Protein chains: 2
Amino acid sequence: MDRMDTPCGLDVALAVIGGKWKPLILFHVQSGPTRFSEIRRRVGGISEKVLIQQLRDLVEMKVLLRRDHHCVPPVVDYALTPFGETLVKALVPLCDWGTANRDVVSAIKAPSATERGG
Amino acid sequence: MDRMDTPCGLDVALAVIGGKWKPLILFHVQSGPTRFSEIRRRVGGISEKVLIQQLRDLVEMKVLLRRDHHCVPPVVDYALTPFGETLVKALVPLCDWGTANRDVVSAIKAPSATERGG
DNA sequence: TTTCACCCTTACCTTTTGGTAGGTTCTATC
DNA sequence: GATAGAACCTACCAAAAGGTAAGGGTGAAA
């Protein structure tokens, strides 16, 4: 690849938190170990298949820790790893920016939807 | 929707910088107004179609400013808007995190590629 | 005239991502 | 037996994102 030294680490971060749901999942898990069904309820609007997929990705990336209590009916919860906590900390300014500019971005995106859709 | 107040603004930020190339583009433009062909060379590996698409998105989101010098042969350059600069600033910690953990993430992702690919 | 570089466009295709619907194993409840 | 809840899997499908190939109008250089 012609890729240079890539001094910008954004691509790395995006590889971890990219996607439609991962930021939300991280947000809802940072308060402590959370069970699968509870995450699903809190995120809202996500299907089981996708949630599991995202969760597995996050676990694979060592951002989340999956704890299976090996009991019946199944009890599993997910928690941030120390590594995941460093990521969440780095995410705070961006989260803050997004919160501050939610209306601005929405106002810009909404009208463009008709243009792009045609 | 069951969606709560969505106190996490990450989805907003992701809507703006999400995608494979936008972070890189932002990075290469932050040093000052940059011409299309120069961005393409600096990013490396991106096709014209995709670069234009990303650039248009960024302009549409008021993150970048497109300046057409209306001369022949065409001269066009892109620069960060003040709004875009606030975004880039919010991106710094994440960029830093990515840079610091590039090897960690790569080491984790690489072997999983064989599992996921099968 | 041909070639090159410029910025951008279009048509077509592949990969990735997200979504729907149904199934599995087990226990508790009705 | 039927129903419900837990966590997860599988098959199929749709949309979005990304990639490839080609063209277009102009002026400078060969």
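Note that the structure is predicted; figures quoted are calculated from it, not measured. All chains are named by letter (A, B, ...) in the order of the sequence lines, taking the proteins before the strands, and each is independently numbered beginning at 1.
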Please report, rounded to the nearest Å, how far the [atom2] atom of [N] is from the [atom1] atom of [X].
X     : N      : atom1 : atom2 : answer
A/K49 : D/dC9  : NZ    : C1'   : 11 Å
A/L55 : D/dC9  : CG    : C1'   : 15 Å
B/E38 : C/dA5  : CD    : P     : 16 Å
A/L51 : C/dG19 : CG    : P     : 11 Å
B/H70 : D/dT26 : NE2   : P     : 16 Å
A/D77 : D/dC8  : CG    : C1'   : 15 Å
A/I46 : C/dG18 : CD1   : P     : 8 Å
B/Y78 : C/dC7  : OH    : C1'   : 8 Å

N/O (side chain, [X]) to phosphate O (OP1/OP2, [N]) under 4.0 Å:
X     : N      : result
B/Q54 : D/dG18 : yes
A/S47 : C/dG18 : no
B/K20 : C/dT15 : no
B/R41 : C/dA5  : no
B/R35 : C/dC7  : yes
A/R56 : D/dC9  : yes

**Study point:** Whichever of A/V72 and A/K22 has its nearest DNA chain C nucleotide further upstream toward 5'
**Key:**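 Nearest-nucleotide comparison on DNA chain C picks A/K22.
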Check your understanding: In terms of the nearest nucleotide of DNA chain C, which residue is placed more toward the 5' end: A/P73 or A/E48?
Key ->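 Whichever sits nearer the 5' end wins; that is A/E48.
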[X] side chain, from C-beta outward: closest of [options]:
X     : options               : answer
A/V76 : D/dC8, C/dT20, D/dG18 : D/dC8
A/P74 : C/dG18, D/dA7, C/dT9  : D/dA7
A/S37 : D/dA7, C/dC7, C/dG18  : D/dA7

Exercise for review: Taking the side chain as every heavy atom from C-beta outward, state whether B/L87 and A/N101 have any pair of such atoms under 4.5 Å apart.
Suggested key: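 In short, these two side chains do not touch, never coming nearer than 4.5 Å.
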Check your understanding: Within a strict 4.5 Å, meaning less than it, do heavy atoms of the A/I25 and A/L51 side chains meet?
Key ->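 The answer is yes, as the side chains (C-beta and beyond) meet within the 4.5 Å cut-off.
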**Study point:** N-O pairing of B/D77 and B/R67 below 4.0 Å
**Key:**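 A salt bridge links B/D77 with B/R67.
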Practice item. May I ask you to decide whether A/K20 forms a salt bridge with B/D11, counting only side-chain N to carboxylate O separations under 4.0 Å? Key: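 Judged by the 4.0 Å cut-off on N to carboxylate O distance, A/K20 and B/D11 do not form a salt bridge.
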Point to revise | Passing candidate, side chain to side chain donor-acceptor pair (under 3.5 Å) with A/E38, options A/R42, A/R41, A/R35 | key: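 In the set A/R42, A/R41, A/R35, the residue that makes a side chain to side chain donor-acceptor pair (under 3.5 Å) with A/E38 is A/R42.
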Practice item. Determine the contact category for B/R40: base if any of its heavy atoms lies under 4.0 Å from a base atom, sugar-phosphate if only primed atoms, P, OP1 or OP2 are that close, otherwise nothing. Key: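 Nothing, no heavy atom under 4.0 Å.
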